[in-house]
Amino acid sequence: MSASQPPAPAPGADAEPSKGTVIVTSLASDSHTWNLVFLQLLIEECGYSVVNLGPCVPDDLLVAECDALEPDMVVVSSVNGHGYQDGMRVIDQLRALAPLAATPIVIGGKLGTDDAEGANRAAELSAAGFDAVFEDGQDPVTAFRGFLDTMRHSGRMLDAARDGAAL
């Protein structure tokens with residue numbers, strides 16, 4: 001390095017504080033990983049810290065991790081078409097945890113194998129306790145970003161101002 005070049009800043013020196021912690025996961029029947037990596041990068045780009053539990057997550061592991069970490073949001077992703085069944089099975093267990101009773105929990109991706117049932121699936125998942133359902137093919141990235149903004153502005157998710165950081 002020459003004397004005229006300043007040293008590189010330390011990693012994270014100018015990083016903004018996290019807006020909160022988000023758990024990203026698939027469920028027991030889904031072995032796909034590319035969707036989880038994409039979601040992790042998208043959520044980190046929006047300013048949140050991410051704990052990615054990976055593919056094939058058994059219900060009891062998901063529940064235990066959510067109980068231990070008390071995330072500010074849980075994002076469940078499905079690629080294999082069993083998201084509806086898996087989501088319906090696990091949502092009551094997540095909502096039964098006191099720290100997750102009011103935490104935003106969303107599900108998205110390929111939630112079923114029959115496209116004709118999409119509207120019914122989304123309504124049933126919402127009624128069961130998911131705060132949002134992002135069906136495949138409906139520009140889920142834009143919808144998800146909008147959901148993050150809505151949650152942050154409604155005070156349901158941690159933000160830098162509530163964390164004591166300067167705006």
Side-chain angles (χ1 to χ4, degrees), residues 18-152 154 156-159:
S18 172
K19 295 177 182 176
T21 299
V22 176
I23 288 181
V24 171
T25 187
S26 70
L27 294 169
S29 71
D30 203 319
S31 64
H32 295 89
T33 57
W34 61 266
N35 52 316
L36 302 173
V37 172
F38 175 82
L39 282 168
Q40 178 175 346
L41 294 172
L42 174 66
I43 294 166
E44 287 173 343
E45 181 180 281
C46 292
Y48 298 88
S49 297
V50 174
V51 175
N52 187 336
L53 298 182
C56 298
V57 178
D59 297 355
D60 58 344
L61 177 61
L62 173 59
V63 171
E65 289 295 314
C66 287
D67 193 29
L69 297 172
E70 297 185 16
D72 297 290
M73 183 173 178
V74 178
V75 177
V76 179
S77 179
S78 176
V79 174
N80 69 355
H82 299 287
Y84 169 80
Q85 294 167 317
D86 292 345
M88 292 295 281
R89 186 185 65 243
V90 77
I91 189 63
D92 287 338
Q93 296 172 61
L94 294 172
R95 289 293 183 206
L97 298 172
L100 292 183
T103 297
I105 302 175
V106 302
I107 190 167
K110 186 168 179 163
L111 302 176
T113 56
D114 180 3
D115 292 334
E117 294 296 316
N120 291 339
R121 276 193 303 269
E124 289 175 18
L125 287 163
S126 293
F130 284 97
D131 292 281
V133 179
F134 303 99
E135 286 273 359
D136 222 13
Q138 298 176 348
D139 194 7
V141 172
T142 300
F144 182 70
R145 282 180 183 267
F147 180 80
L148 283 177
D149 286 343
T150 300
M151 290 293 97
R152 188 171 56 84
S154 72
R156 286 192 62 198
M157 290 187 69
L158 195 62
D159 61 39

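All values below come from the heavy atoms of this structure, side chains included, with hydrogens, waters and symmetry mates left out. Computed from a predicted structure; not experimentally measured.
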> Where do V57 and L27 land on the side chain to side chain contact (heavy atoms under 4.5 Å, CB included) test, with the steps shown first?
Replying inline: CA-CA 5 Å; V57 178; L27 294 169; 5.7 Å; no

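- Checking H82 against N80 by side-chain atom types alone, no donor-acceptor pair falls below 3.5 Å.
- The CD atom of E135 sits 9.5 Å away from atom CD1 of I107, with the distance rounded to the nearest 0.5 Å.
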>> side chain to side chain contact (heavy atoms under 4.5 Å, CB included) for V79 and W34? Distances and angles first, verdict last.
In response: CA-CA 9 Å; V79 174; W34 61 266; 3.9 Å; yes

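- No donor-acceptor pair closer than 3.5 Å links the side chain of T21 to the backbone N or O of D72.
- A donor-acceptor distance shorter than 3.5 angstrom exists from the side chain of D131 to the backbone of I105, with no hydrogens or angles considered.
- Atom CG of N35 and atom CG of D30 lie 6.0 Å apart (nearest 0.5 Å).
- Under the 3.5 Å distance criterion, the side-chain polar atoms of R95 are matched with a main-chain donor or acceptor of T103.
- If you take CG on D67 and CG on L62, they are separated by 11.0 Å, rounding to the nearest 0.5 Å.
- At distances below 3.5 Å, not a single donor-acceptor pair connects side-chain atoms of S49 with backbone N or O atoms of E44.
- The shortest heavy-atom contact between V22 and V75 is CG1-CG2, 3.7 Å.
- A distance of 8.5 Å separates CG in N120 from OH in Y84, rounded to the nearest 0.5 Å.
- Within the structure, side chain to side chain donor-acceptor pair (under 3.5 Å) contacts touching residues 139-148 (residues at least two apart or in different chains) are E45-R145, D139-T142.
- Between K19 atom NZ and M73 atom CE the span is 12.5 Å, to the nearest 0.5 Å.
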>> As a quick check of understanding, evaluate side chain to side chain contact (heavy atoms under 4.5 Å, CB included) for L36 and S77, giving each step before the final call.
In response: CA-CA 7 Å; L36 302 173; S77 179; 4.0 Å; yes

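- Checked against salt bridge (charged side-chain N to carboxylate O under 4.0 Å, His left out), D59 has the following partners two or more places apart in sequence or in another chain: R89.
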